Q: 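Can you read through this structure? Questions will come right after.
This one's a predicted model, so the numbers in the text were calculated from it and none came from an experiment.
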Amino acid sequence: MTFSKFIEDRLGRLLLHGSLVAGAAVFLLLTGTQPGILLLLLLLWGVFFVGSQVIEFLRFRNHIRELASILENLDRKYLFMECVPKPTTLQEEILFDLMRQAGKSMVEAVSDAQATTKEYREYIESWVHEIKTPITAARLICRNTDEKTRRKLTVELAQIENHVERALYYARAESPEQDFLVRQISLEDIAAEALEHHRSLLIQSGLRVETENLAHVVYTDGKWVCFLLGQLLQNAVRYQGEQPVITLSAKPLGNQVQLTVSDNGIGIPAHELPRVFDRGFTGSNGRSRGGSTGMGLYLCRKLADQLGIQLDIQSVEGQGTRVRFTFPASH
């Protein structure tokens, strides 16, 4: 709030006040008031008027700064009206009362929305655990079929498990602190777990996996990072080229560690690359090959942010894609 803005806001009233003073001065001149006395009165009025405006401006500016400071220090901004000082004028009292009623209504709506989201997340987590039972039963039934059928069904069941797992992590992403377990873990162990989890899919697709220099220790949640790697493995299979190869490598960056996942697949068009982390974005590759939900990389970005992992992607259409995870400092 600047003084010029303050004056501009009150310009109409100031002009009206000035017109009244000018009219009064003309009336005094016409009624015989000496010009010297009239000039002295106008000077006194000017000093008083300017002083009162400056004092009002300073009081108003301090009040605005106080309100801004309260808002800035609040974690939950929607509780602002419950923390503001008591109004000093009738206009402020009426306005604040109306705003407090609106804020109360919004708090109730937020509480209802949070309760609904929590119930939905708990239902999804329960559903995921329940759906694992028929999936396990289907795997057991597959053992009694011929090898070719068993291999195909195993791959399809693995795809179902991947979609179920994605739904679970999507639900948990809203409150990750309830599922985090940050500990010291080797990238080699994380990669081995991710590869084992997707072994059937990798074998069926003929995708060759290479690992380089993964003997680095990071502090993170191994289960969540394993899920992130799984999303990239699935993408590498879905968008593979001829003689598909995916490489997992790591290198130290000062007190950080960078894990790189690269493939030689069909790549991503340059104009689509800035949008690959958007929710629901499938791109031309996803539409042409089918089966894409546009949620895999979106979840990767969201969960990586929650873990404090820097995630970036590079790709050249027709040559392949490279995704890099930069883990935070070990301490």
Q: Please determine whether residues F277 and V261 belong to a single hydrophobic cluster, defined as Ile, Leu, Val, Met, Phe, Trp and Tyr linked transitively by side-chain heavy-atom distances below 4.5 Å.
A: yes
Q: Does atom CD (E242) have a neighbourhood of more than 12 heavy atoms from anything else shown, all under 6.0 Å?
A: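 No, CD of E242 has 12 or fewer neighbouring heavy atoms, counting only those of other groups under 6.0 Å.
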Q: Does one side chain, of T326 or Q258, offer a donor that lies under 3.5 Å from an acceptor on the other?
A: yes
Q: About how many Å separate CD of Q234 and NE2 of H198, when rounded to the nearest 0.5 Å?
A: 4.0 Å
Q: Do the side chains of I268 and V276 get nearer than 4.5 Å, heavy atoms only?
A: yes
Q: Taking the side chain as everything from C-beta on, heavy atoms only, tell me whether F325 gets closer than 4.5 Å to L232.
A: yes
Q: Of the non-hydrogen atoms in A236 and D263, which two are nearest, and what is the gap between them?
A: CB-OD2, 4.1 Å
Q: Please report the interatomic distance OG1(T282) to CZ(R275), rounded to the nearest 0.5 Å.
A: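 Between atom OG1 of T282 and atom CZ of R275 there are 9.0 Å.
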Q: Indicate the atoms forming the closest heavy-atom contact of I190 with C226, along with that distance.
A: CG2-N, 3.9 Å
Q: State, yes or no, whether a side-chain contact exists between V209 and T247 at a heavy-atom distance under 4.5 Å.
A: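 V209 vs T247: side chains apart.
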Q: How long is the gap from CG on L259 to CD1 on I309, to the nearest 0.5 Å?
A: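 These two atoms lie 9.0 Å from each other.
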Q: Hydrogens and angles aside, do Q101 and D97 bring a side-chain donor and acceptor to less than 3.5 Å of each other?
A: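 Looking only at side-chain atoms, D97 and Q101 do form a donor-acceptor pair, the distance falling under 3.5 Å.
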Q: Would I246 end up clustered with I203 when hydrophobic side chains under 4.5 Å apart are linked, directly or stepwise?
A: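 Hydrophobic grouping puts I246 apart from I203.
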Q: What's the spacing between L187 CG and T211 OG1 if we round to 0.5 Å?
A: 11.5 Å
Q: Any side-chain heavy atom of E272 within less than 4.5 Å of one from S284?
A: yes
Q: V218 and I185: side-chain contact (heavy atoms from CB on, under 4.5 Å), yes or no, with the steps?
A: CA-CA 6 Å; V218 296; I185 189 169; 4.2 Å; yes
Q: Atom CD1 in I160, atom CD1 in I131: separation rounded to 0.5 Å?
A: 8.5 Å
Q: Decide yes or no on side-chain contact (heavy atoms from CB on, under 4.5 Å) for L253 and K251, but give the supporting numbers first.
A: CA-CA 7 Å; L253 293 176; K251 64 178 181 180; 4.1 Å; yes
Q: Quick one, V323 and D312 - any side-chain contact, counting heavy atoms below 4.5 Å?
A: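 The answer is no; the side chains never approach within 4.5 Å.
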Q: With heavy-atom distances below 4.5 Å as the criterion, would you say the side chains of E165 and F227 are in contact?
A: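 Answer yes - side chains close enough.
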Q: State whether the number of non-hydrogen atoms from other residues, nucleotides or ligands found under 6.0 Å of R100 atom CZ is greater than 12.
A: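 More than 12 heavy atoms, drawn from other residues, nucleotides or ligands, come within 6.0 Å of this atom.
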Q: If you compare all heavy atoms of C142 against all heavy atoms of L157, which two are closest, and at what distance to 0.1 Å?
A: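 Minimum heavy-atom contact is SG-CD1, 4.0 Å.
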Q: Can you tell me if Q314 and T321 form a side-chain donor-acceptor pair at under 3.5 Å?
A: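 Q314 vs T321: no donor-acceptor pair found between side chains.
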Q: Tell me the closest heavy-atom pair linking L202 and L195, and the distance in Å.
A: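 Smallest interatomic distance, heavy atoms only, reads CD1-CD2, 3.8 Å.
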Q: May I ask whether L273 and Y298 are part of the same hydrophobic cluster, defined by side-chain heavy atoms of I, L, V, M, F, W, Y residues being less than 4.5 angstrom apart, directly or through others?
A: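 Yes, same cluster.
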Q: Could you check if a side-chain atom of L228 sits within less than 4.5 angstrom of a side-chain atom of C300, using non-hydrogen atoms only?
A: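 Heavy-atom side-chain distance check passes, below 4.5 Å.
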Q: Pair D305, K302 - check side-chain contact (heavy atoms from CB on, under 4.5 Å), show working.
A: CA-CA 5 Å; D305 289 343; K302 190 167 187 176; 5.8 Å; no
Q: Minimum heavy-atom separation for R208 and V245, please, with both atom names.
A: NH2-CG2, 3.0 Å
Q: Taking all heavy atoms of L248 and all of A191, pick out the closest pair and write down the distance.
A: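 Scanning both residues, the minimum pair turns out to be CD2-CB, 3.8 Å.
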Q: Return the set of residues passing side chain to side chain donor-acceptor pair (under 3.5 Å) with D278 (not counting sequence neighbours), or none when no residue passes.
A: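 Listed in chain order: nothing, the list is empty.
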Q: Taking C-beta and beyond as the side chain, do E193 and K223 meet within less than 4.5 Å on heavy atoms?
A: no
Q: Show your reasoning for whether salt bridge (charged side-chain N to carboxylate O under 4.0 Å, His left out) applies to E196 and R199.
A: CA-CA 5 Å; E196 176 62 25; R199 181 166 59 90; 3.4 Å; yes
Q: Take S205 and Q240, measure what side-chain contact (heavy atoms from CB on, under 4.5 Å) needs, and give me the verdict at the end.
A: CA-CA 9 Å; S205 63; Q240 63 179 291; 3.5 Å; yes
Q: Taking R322 as the fixed residue, which of T260, I313, V316 is the one that meets the side chain to side chain contact (heavy atoms under 4.5 Å, CB included) rule?
A: T260
Q: Do you reckon W45 sits in the same ILVMFWY cluster as L40, going by side-chain contacts under 4.5 Å, direct or chained?
A: no
